[in-house]
Every structure is written in C-alpha cells, then in structure tokens.
2 protein chains.
Amino acid sequence: MGITERKEREKAEMRRRIVDAAIDMFVAEGYEKVSIRNIADKIEYSPATIYLYYKDKDELLYDVQAEAFQRLADHFRTHVVSEDPLERLHQLVMSYLDFAREYEELYDLMFIIKAPMNTVENEDKWDNGEDAFGQLRDTVGACVEKGLIRFTDHMIATLSVWAFAHGFISLNLRCRINIAELNEENIPIIMRQSVQHYLDTIKV
Amino acid sequence: MGITERKEREKAEMRRRIVDAAIDMFVAEGYEKVSIRNIADKIEYSPATIYLYYKDKDELLYDVQAEAFQRLADHFRTHVVSEDPLERLHQLVMSYLDFAREYEELYDLMFIIKAPMNTVENEDKWDNGEDAFGQLRDTVGACVEKGLIRFTDHMIATLSVWAFAHGFISLNLRCRINIAELNEENIPIIMRQSVQHYLDTIKV
DNA sequence: AAATATAATGAACACTGTTTATTAAATCCA
DNA sequence: TGGATTTAATAAACAGTGTTCATTATATTT
C-alpha cells in the first residue's frame with residue numbers, strides 16, 4: 001500500500017514548500033510583510049489551503065523558526081573551528097554577531113518577536129534552539145572547566161555571554177543604541193569593541 | 001483673545017486623554033491588544049477622532065513611549081540614591097531589572113518592539129530616552145572616572161552595562177532563556193546572580 | 001462506472017489602521 | 001441677535017489581516 005506513503009510524502013513536501021516560501025519572504029522583506037495571503041500567493045495556492053497543513057500562523061512560524069535555528073547551528077559549525085576553548089569562544093561570539101547582521105530578519109524571528117515561542121506549548125518545546133545553544137554551552141563550559149574564564153557556574157557563564165551579545169544585537173536592531181548619540185557607522189565598531197572588551201574582562 | 005489659548009489647551013487635554021488611555025491599556029493588557037478602536041472606545045470617542053490629534057498610530061505610540069521613559073527616569077531617581085558610585089551603579093542596574101519586571105509591557109514598548117522609534121524621524125529623536133540614559137551614563141561615567149571599574153572608554157562602559165541587563169531582560173521576556181532548560185521560578189534568581197556576577201567582574 | 005474519501009477553494013467573518021464625505025457644534029461678523 | 005463660516009466629531013467605507021466553512025474538484029476505493 002504505497003499510496004498512504006506517497007500521500008504522507010506529498011504532505012511533507014507541501015509543508016516544505018510553505019516553509020521555504022515563508023522563510024524566503026522573511027529574509028527578503030521581514031516579519032511584518034509576511035502574511036498568509038502573501039505566502040499563498042507565492043506558492044500559487046489559496047490562503048485556505050495553508051490551513052490544511054498548519055493549524056494557524058504560529059504553528060507555521062514555529063517551523064520557520066526551527067529552520068532558522070538550524071541555520072544558526074550550521075553557521076556555528078562553519079565558523080567555530082579552533083581547538084583552543086578561549087579561541088573557540090571568541091569565534092562563536094563573533095560569528096553570532098555576524099549571523100545577526102547578515103540575517104537580521106531571521107534573528108528577529110528567533111530571538112526578538114513574541115510569536116511563536118510563547119504560544120506553542122508542546123513537550124519538545126525548545127528543541128528549536130537546542131543545537132545552537134548546545135554549542136554555546138559546550139564552548140563556554142569548556143572554558144569554565146579549564147579555569148580560563150572568571151566563572152564557576154556553567155549556566156551563569158553561558159547565559160551571561162549570550163545575554164551580553166544579544167543585548168547589543170537587539171538594542172542595535174531596534175535602533176535603541178542610538179539613544180547614546182551614536183551615528184550608525186560607529187555602532188558596529190563599538191559593538192565589536194565592547195564584545196572584545198567583555199571577553200577580555202572575563203578572562204582569568 | 002483667550003479662545004485660541006483655550007482651544008490649544010483643549011487640544012492638549014485631548015491628547016493627554018488619549019495617551020493616558022493608551023498607556024493604561026498597555027500596562028494592563030499589552031501591546032498586541034491595544035488598537036485605535038479600543039482606545040477610542042475607552043475615551044468614548046469615535047476612532048476617526050483620534051486621527052484629528054495624531055496623524056497615525058506611530059505618532060501616538062511615540063508619546064506613550066515618552067511617558068514610559070519618563071516613568072523609568074523617575075524610577076531611577078527614586079531608587080538610585082547612594083553617593084558611592086559603585087553602590088549607585090548597583091542600585092541603578094537592579095532598579096532597571098525591577099522596572100522591567102513590574103512594567104513588562106512598558107519595557108516592551110520602550111526597548112523591544114519595532115514601532116515607533118525606527119519610523120519617527122524628527123530632530124529631537126532621542127529626547128525620549130535621554131533622561132534615563134543620562135542617569136546611566138553619569139553613574140557609569142563616575143565609576144570609570146574614579147577608576148572603579150575595568151573600563152577606559154565611557155561609551156563602551158555605559159553600553160556594556162546596559163546591553164548586559166537588557167540582554168537578560170529581553171531574553172527572559174520573550175521566553176528565550178528557557179532554551180537553557182530552566183524553569184520559570186529559577187530565572188529571576190539566575191538573572192540577579194548573573195548581573196551581580198557581572199558587576200563584580202567589572203570591578204577593578 | 002458509481003460511491004466515497006480527500007484536497008482545494010471562494011466567500012465570508014471579525015478584526016486591524018486609515019481616509020473621506022457628512023453632520024453637529026462652536027465661533028465670527030454684520 | 002441672526003446668518004455665514006470655521007472647527008470638531010463621526011459614520012461609513014477601503015484595503016489589509018488571520019481564520020473558518022460550505023462548496024467544488026480531484027483521487028481513490030469498491
């Protein structure tokens with residue numbers, strides 16, 4: 001009975017088509033401009049059809065987010081290559097900044113906007129970020145373990161590094177850093193200097 | 001000719017009424033649930049009337065934001081009272097965390113959501129945050145000046161402290177810190193510990 | 001080939017921000 | 001004071017949103 005298998009495959013293909021269209025539009029035009037109708041237009045189906053494959057927009061965004069987190073994890077795997085833990089940490093944080101700058105709209109979806117993370121309530125809730133976060137945790141963990149940075153608690157160390165980078169990125173993405181009377185060209189420089197300074201400061 | 005003056009006063013009063021209604025609804029129900037129609041309902045006017053006093057929703061949100069920033073500045077003035085620069089810095093950062101927790105939706109409007117800061121393009125663009133930011137800058141500045149923290153550049157120091165706190169707050173507000181397999185009760189504790197650790201780390 | 005199950009859709013609902021033509025009220029001027 | 005004029009408020013509409021549902025078209029099964 002290969003029909004049910006084929007149907008399942010077709011269903012998966014359709015979901016892929018929807019997610020691909022959605023993520024393309026996100027990267028190109030940003031969260032605000034992506035509507036169900038736009039996506040439906042792009043894949044040449046009626047808006048109602050999307051609701052045969054996703055129960056609502058949040059469920060779709062959840063898949064888009066999963067894809068985005070996978071790309072971040074891949075980004076890390078490509079750029080975090082050193083054997084030295086401190087060097088690895090440096091590469092990881094800097095490639096995090098790079099990712100945020102290259103894919104602003106994905107970063108937005110992953111870490112800033114409200115939907116869908118706080119609405120989706122299934123058991124494997126955080127599988128999305130697990131991979132990328134795991135790499136951060138392992139890298140920071142190695143530094144703590146070997147006494148290379150001024151932390152004793154793994155979680156505090158990991159969250160601190162993440163929060164520091166995210167704080168700069170999100171204040172910048174939302175144009176709040178400008179409150180400090182900085183012009184736009186200076187911001188990336190100041191950001192890198194600040195992150196560099198932070199990494200220097202936490203070194204033993 | 002007191003009529004034009006009275007008219008101006010009435011216009012200002014109407015704007016106040018609109019902003020007050022809006023900010024009340026923000027605090028109570030959050031950004032998502034506040035629509036022009038809701039505000040109009042609350043002040044018992046037609047939606048179209050609001051457009052006689054604000055050219056669009058962004059312009060209204062800008063005023064709401066200004067009010068929110070003023071409240072943060074007042075919050076600082078109340079809680080940042082020590083003469084010792086390091087103690088002041090501690091009080092400021094901790095009261096920032098408090099403010100974010102007590103007025104989540106205001107914090108959202110001020111630092112996280114997209115509108116209206118990146119759309120409003122008038123000259124006195126950042127007057128909104130100037131007061132609160134000024135207090136942060138002065139406090140951090142005093143610490144740098146007296147060689148109490150491991151920074152030489154004032155701006156880097158100020159932005160670093162801010163970004164660190166904001167990073168934790170916003171990751172928490174958007175439920176991203178949960179990626180680290182933490183349950184909700186632990187997060188405020190971990191946040192305070194991390195911030196405390198950070199302030200300890202930057203001390204000379 | 002007819003009956004049944006599945007897939008896709010057009011049209012509608014309730015909402016959003018915003019604009020415009022119309023009505024009501026206040027002010028001005030003779 | 002009474003009529004003309006300016007100002008204020010609104011109802012209704014437009015184009016957009018997410019979402020649902022009855023209806024139609026297409027596969028699959030018998």
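Letters go in sequence order (proteins before strands), and every chain restarts at 1. Not measured: the values here are computed from a predicted model. Note that these values count all heavy atoms, side chains included, but never hydrogens, waters or copies made by symmetry.
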Interatomic distance where [atom1] belongs to [X] and [atom2] belongs to [N] [whole Å]:
| X | N | atom1 | atom2 | value |
| --- | --- | --- | --- | --- |
| A:Lys57 | C:dC15 | NZ | C1' | 14 Å |
| A:Asp58 | D:dT17 | CG | P | 17 Å |
| A:Met14 | D:dT26 | CE | C1' | 14 Å |
| B:Asp56 | D:dA15 | CG | P | 20 Å |
| A:Leu60 | D:dG18 | CG | P | 10 Å |

Residues in salt bridge (Lys or Arg N to Asp or Glu O under 4.0 Å) with [X], at least two apart?
| X | result |
| --- | --- |
| B:Asp56 | none |
| A:Asp20 | A:Arg16 |
| B:Arg37 | none |

- Message: Can you pull out the residues from residues 27-51 of chain A that lie within a 4.0 Å heavy-atom distance of DNA chain C?
- Response: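 A:Arg37, A:Tyr45, A:Ser46, A:Ala48, A:Thr49, in order of number.
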Return all side-chain donor-acceptor pairs below 3.5 angstrom for residues 42-54 of chain A, not counting sequence neighbours, or 'none' if the list is empty.
residue	atom	partner	partner atom	Å
A:Ser46	OG	A:Ala48	N	3.1
A:Thr49	OG1	A:Ser46	O	3.3
A:Tyr54	OH	A:Asp63	OD2	2.7

- Would you kindly compare B:Lys55 and B:Arg6 by the position of their nearest DNA chain C nucleotide and give the one closer to the 5′ end?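 Whichever sits nearer the 5' end wins; that is B:Lys55.
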- Query: 5'-most contact on DNA chain C: B:Glu10 or A:Leu52, nearest heavy atom basis?
  - Reply: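 This one resolves to A:Leu52.
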- Message: Does a side-chain N or O of A:Tyr54 approach OP1 or OP2 of D:dT19 to a distance below 4.0 Å, or not?
- Response: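 It does not, given that no N or O in the side chain of A:Tyr54 lies less than 4.0 Å from OP1 or OP2 of D:dT19.
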- Would you call A:Arg9 and A:Glu5 a salt bridge, using N to O less than 4.0 angstrom?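 Here A:Arg9 does not pair with A:Glu5 in a salt bridge, since their nearest N and O are not under 4.0 Å apart.
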- Can you name the side chain to side chain donor-acceptor pair (under 3.5 Å) partners of B:His75, sequence neighbours left out?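 Once residues adjacent in sequence are excluded, B:His75 has no partner under the side chain to side chain donor-acceptor pair (under 3.5 Å) criterion.
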